[in-house]
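Every chain is numbered from 1 and lettered A, B, ... according to where its sequence line falls, protein lines coming before strand lines. Bear in mind the structure is a predicted one, so any value in this text is a computation, not a measurement. Computed from heavy atoms alone, side chains included, the values below leave out hydrogens, waters and symmetry copies.
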Number of protein chains: 2
Amino acid sequence: MNSRFSTAVHILTLLASMPGERLTSEFIAVSVGTNPVVIRRQLALLRNAALVDSKGARGGGWVLARAPGQIALSQVRVALGSEAQFRMHRNEPHPNCVVGQNVRQALSHVYADAEEAVNTSLKGWTIEDLLNEVQSAARRKRNRAKAQPASKSGK
Amino acid sequence: MNSRFSTAVHILTLLASMPGERLTSEFIAVSVGTNPVVIRRQLALLRNAALVDSKGARGGGWVLARAPGQIALSQVRVALGSEAQFRMHRNEPHPNCVVGQNVRQALSHVYADAEEAVNTSLKGWTIEDLLNEVQSAARRKRNRAKAQPASKSGK
DNA sequence: TAAAGCGACACAAAAATTGTTACGCTATTC
DNA sequence: GAATAGCGTAACAATTTTTGTGTCGCTTTA
């Protein structure tokens with residue numbers, strides 16, 4: 001299942017946090033804690049959806065293709081093609097089993113409904129929202145650390 | 001990824017299609033096309049949620065614990081504990097990366113929202129609905145076959 | 001013209017899921 | 001009351017999916 005979506009949001013938020021700068025896949029990979037090729041794979045999909053822009057060669061790298069507030073998480077989801085939260089079981093049912101022969105089709109309606117619900121939900125969040133949450137969480141941590149310089153050198 | 005949910009719905013629909021009868025895990029396994037132990041694993045979870053009832057020993061087997069119209073797919077989902085459609089990436093982010101250190105927490109809000117949306121959607125479907133869909137699909141196929149006894153002996 | 005970066009593919013490693021075997025326990029049935 | 005059908009469960013094997021790596025070519029900037 002898809003931790004890919006999580007990674008993609010992570011990357012986009014990172015790009016949003018350093019506006020204007022072109023980040024290389026290697027830099028991103030170090031921040032995220034994985035391999036540059038993994039990053040490129042993800043970003044290639046996001047580029048197809050016109051969410052990011054890449055430039056090869058020296059001085060190249062990645063930037064957001066639009067304002068963070070204009071990137072809804074539903075778009076990210078679609079871009080990744082990760083719309084398969086539900087998955088059919090692929091067993092060969094017994095030929096005489098009426099249920100087995102037809103349940104998948106019935107389920108596909110259910111799943112289409114659920115997908116739509118998820119999408120609607122994700123439409124309510126943008127990369128800007130995420131960045132804000134991340135930054136205020138970081139601020140809270142800093143304040144807490146300053147208030148109680150308890151453990152290691154108040155860092 | 002969870003094709004488990006699909007399997008569980010399949011099983012429940014099968015039980016609903018033969019009301020009153022206790023089906024053995026082996027019978028179900030043959031219908032579904034898998035191993036009895038796999039079936040039991042699933043049904044054990046559904047039993048914990050009081051959706052089905054089992055009886056061991058001779059003459060034993062499984063039945064629905066309530067009317068098919070009283071089993072919502074959201075309950076099935078909860079019973080299976082399959083509420084992890086989204087998964088966090090588990091890479092160790094760089095210690096200095098503010099985004100990496102906080103994005104998971106931010107995402108957890110997003111995911112909680114989405115889960116709720118899915119649940120609401122699944123509440124709208126019951127096993128009875130599925131059974132009806134399955135049965136009318138089967139009926140349609142039969143009629144089509146009768147209308148054009150084209151291929152193999154009009155079967 | 002050399003180096004930095006992306007693009008893409010093939011392959012390796014790891015993780016998660018699914019299937020299988022085996023054995024104990026319980027309640028029927030004869 | 002003994003044999004048998006069937007669940008309960010755990011351990012293990014096989015498969016599938018996901019993630020990570022290595023490599024090499026191409027492009028652009030310095």
Is there a side-chain polar atom (N or O) of [X] under 4.0 Å from OP1 or OP2 of [N]?
X       : N      : result
A/Ser3  : D/dT19 : yes
B/Thr34 : C/dG19 : yes
A/Arg4  : D/dT18 : yes
A/Ser25 : C/dC6  : yes
B/Asn2  : C/dA16 : no
B/Ser54 : D/dG8  : yes

Cluster overlap A/Ile127 with A/Val78, hydrophobic side-chain contacts below 4.5 Å: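 No; tracing contacts between hydrophobic side chains, which count when under 4.5 Å, never links both residues.
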
A/Phe27 reachable from A/Ile11 in the ILVMFWY side-chain graph, under 4.5 Å edges: yes

Please report, rounded to the nearest Å, how far the [atom2] atom of [N] is from the [atom1] atom of [X].
X       : N      : atom1 : atom2 : value
A/Arg58 : D/dG25 : CZ    : P     : 21 Å
B/Leu23 : D/dC7  : CG    : C1'   : 14 Å
B/Gln42 : D/dC7  : CD    : C1'   : 16 Å
B/Arg47 : D/dC7  : CZ    : P     : 10 Å
A/Trp62 : C/dA4  : CH2   : C1'   : 15 Å
A/Asn35 : C/dA8  : CG    : C1'   : 14 Å
B/Arg40 : D/dG6  : CZ    : P     : 10 Å
A/Glu26 : D/dG20 : CD    : P     : 16 Å

Smallest separation among heavy atoms of [X] and [Y], with atom names:
X        : Y       : answer
A/Gln75  : A/Ala72 : OE1-N, 2.8 Å
B/Arg40  : B/Ser25 : NE-OG, 3.2 Å
A/Leu130 : A/Leu73 : CD2-CD1, 4.0 Å
A/Val76  : A/Phe5  : CG1-CE1, 3.9 Å

C/dG19 base / B/Arg41 side chain donor-acceptor hit below 3.5 Å: yes

Touch class at under 4.0 angstrom, heavy-atom based, for A/Asp53 against every strand present: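 Nothing: the residue A/Asp53, judged by heavy atoms under 4.0 Å, touches no strand.
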
Touch class at under 4.0 angstrom, heavy-atom based, for B/Arg90 against every strand present: sugar-phosphate

5'-most by nearest nucleotide on DNA chain D - A/Lys55 or A/Gly33: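 So the residue in question is A/Gly33.
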
Contact nearer the 5' end of DNA chain D, comparing A/Val37 with B/Gly59: B/Gly59

Nucleotide of D/dT29, D/dT21, D/dT18 approaching A/Val38 most closely (side-chain heavy atoms):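 Closest of the options to the side chain of A/Val38: D/dT21.
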
Residue met sooner reading DNA chain C from 5', once A/Gly60 and A/Ala44 are mapped to nucleotides: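 First, find each residue's nearest nucleotide; the 5'-ward one identifies A/Gly60.
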
